[in-house]
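Here's the structure we're looking at; comments come further down.
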Amino acid sequence: MSIEQTESIKEFGGYLNRYVHDSDSCHCRMTFSVYLPPQAEQGPVPALYWLSGLTCTDDNARVKAGAQRYAAEHGIALIFPDTSPRGDDVPDEPDRYDLGQGAGFYVNATQPPWNTHYQMYDYVTRELPALVEAELPLIPGQRAISGHSMGGHGALICALKNPDMYQSVSAFAPICNPIHCGWGKGCFGAYLGDDTEAWKAYDATELIKAGARVGDILIDQGTADEFYDEGQLLPENFQQACNDAGQPLTLRMQDGYDHSYHFIATFIGEHIARHAKALGR
């Protein structure tokens, strides 16, 4: 494994670095960013993995969320993966924003033409952490995970499917029950095929119903979110499943907030403080 650093920017006493590498999971060149807080100059720091939503790259959250200020205060690293494989040889649906490049949905695709490259679940939970922890020794392996929208879905399923891998999990406006929403049906049908039972392995609500458990989950959802109104996010379904199963959940309905990074930037400090506490910072 090897990575190539392509950018380094000083922020809040630490450094925001960007890297590229050849991915064994996605069979293409992948990009990710890492914010190392100033405390990394004194020794190892834990990491919060941030999974972004539809149409995003690693750049969206690192530019818009305002997370680096809080990461510097608490002494945690931030890891920003891309949302999909990319490249001229990677399948895409250029007329759609919700399928193909920019819309990996954090699943391992089983159907052609997607299955060669679209292995984002393995990339996020296996390849990228192993790469980061091997190549960046100041990030030794204490992890938390969060994300937004499609990335909130990704954060929830990654934590629920790997309860010993992450010390905490949170999400902003996650797609909570994708087997019952338009985005999820469209992507899961393409990536995973027609067997809807197989879809449940990548659905946070269904994972709770099947017995998956983690510590207290924090979700923030804006009441003025257009995709919440359209029935794409379905946090109530997840809440009901958690209530029925005894899974701790803090679901905060934030009055007047939409689906944008303005919403995320307002509450990201609280999420990072919560993760920092779980990570022993």
Inset, instruction - Please identify each residue that fulfils ring pair (Phe, Tyr, Trp, His ring centres under 6.0 Å) with H153, with sequence neighbours left out. - result: F105

Inset, instruction - Under the ring pair (Phe, Tyr, Trp, His ring centres under 6.0 Å) rule, collect the residues that match up with F32, sequence neighbours excluded. - result: Y19, H21

Inset, instruction - Applying ring pair (Phe, Tyr, Trp, His ring centres under 6.0 Å), name anything that partners Y15, two or more places apart in sequence or on another chain. - result: none

Inset, instruction - Compute the centroid of each ring, for Y257 and then for F267, and state whether the two points are separated by less than 6.0 Å. - result: yes

Inset, instruction - Only counting residues at least two apart or in another chain, list the ones meeting side-chain hydrogen bond (donor to acceptor under 3.5 Å, both in side chains) with Y121. - result: N162

List the atom pairs, donor and acceptor, that lie under 3.5 Å between side-chain atoms in residues 136-147 and the rest of the protein, sequence neighbours left out.
{"residue": "R143", "atom": "NE", "partner": "E133", "partner atom": "OE2", "Å": "2.8"}
{"residue": "R143", "atom": "NH1", "partner": "M165", "partner atom": "O", "Å": "3.1"}
{"residue": "R143", "atom": "NH2", "partner": "E133", "partner atom": "OE1", "Å": "3.1"}
{"residue": "R143", "atom": "NH2", "partner": "E133", "partner atom": "OE2", "Å": "3.3"}
{"residue": "S146", "atom": "OG", "partner": "S170", "partner atom": "O", "Å": "3.2"}
{"residue": "S146", "atom": "OG", "partner": "S170", "partner atom": "OG", "Å": "2.8"}

Could you pull out all donor-acceptor pairs under 3.5 Å where a side-chain atom in residues 173-195 meets a protein atom, sequence neighbours excluded?
{"residue": "N177", "atom": "OD1", "partner": "N237", "partner atom": "ND2", "Å": "2.9"}
{"residue": "N177", "atom": "ND2", "partner": "D203", "partner atom": "OD1", "Å": "3.2"}
{"residue": "N177", "atom": "ND2", "partner": "D203", "partner atom": "OD2", "Å": "2.9"}
{"residue": "W183", "atom": "NE1", "partner": "Y97", "partner atom": "OH", "Å": "3.1"}
{"residue": "Y191", "atom": "OH", "partner": "G100", "partner atom": "N", "Å": "2.9"}
{"residue": "Y191", "atom": "OH", "partner": "A103", "partner atom": "O", "Å": "2.7"}
{"residue": "D195", "atom": "OD1", "partner": "E197", "partner atom": "N", "Å": "3.1"}

Inset, instruction - Check side-chain contact (heavy atoms from CB on, under 4.5 Å) between T31 and all other residues, then give those that pass, not counting sequence neighbours. - result: R18, V20, D58

Solution key, residues 65-81 side-chain donor-acceptor pairs under 3.5 Å, sequence neighbours excluded:
{"residue": "Q68", "atom": "NE2", "partner": "E11", "partner atom": "OE1", "Å": "3.0"}
{"residue": "Q68", "atom": "NE2", "partner": "R62", "partner atom": "O", "Å": "2.8"}

Legend entry - Partner residues of D82 under the side-chain hydrogen bond (donor to acceptor under 3.5 Å, both in side chains) criterion, sequence neighbours left out: R86

Legend entry - Which residues share a ring pair (Phe, Tyr, Trp, His ring centres under 6.0 Å) with Y49, sequence neighbours left out: none

Legend entry - Partner set under side-chain hydrogen bond (donor to acceptor under 3.5 Å, both in side chains) for S168, not counting sequence neighbours: H275

Inset, instruction - Give every residue pair that meets the side-chain hydrogen bond (donor to acceptor under 3.5 Å, both in side chains) criterion with at least one member in residues 104-120, sequence neighbours excluded. - result: N108-D122

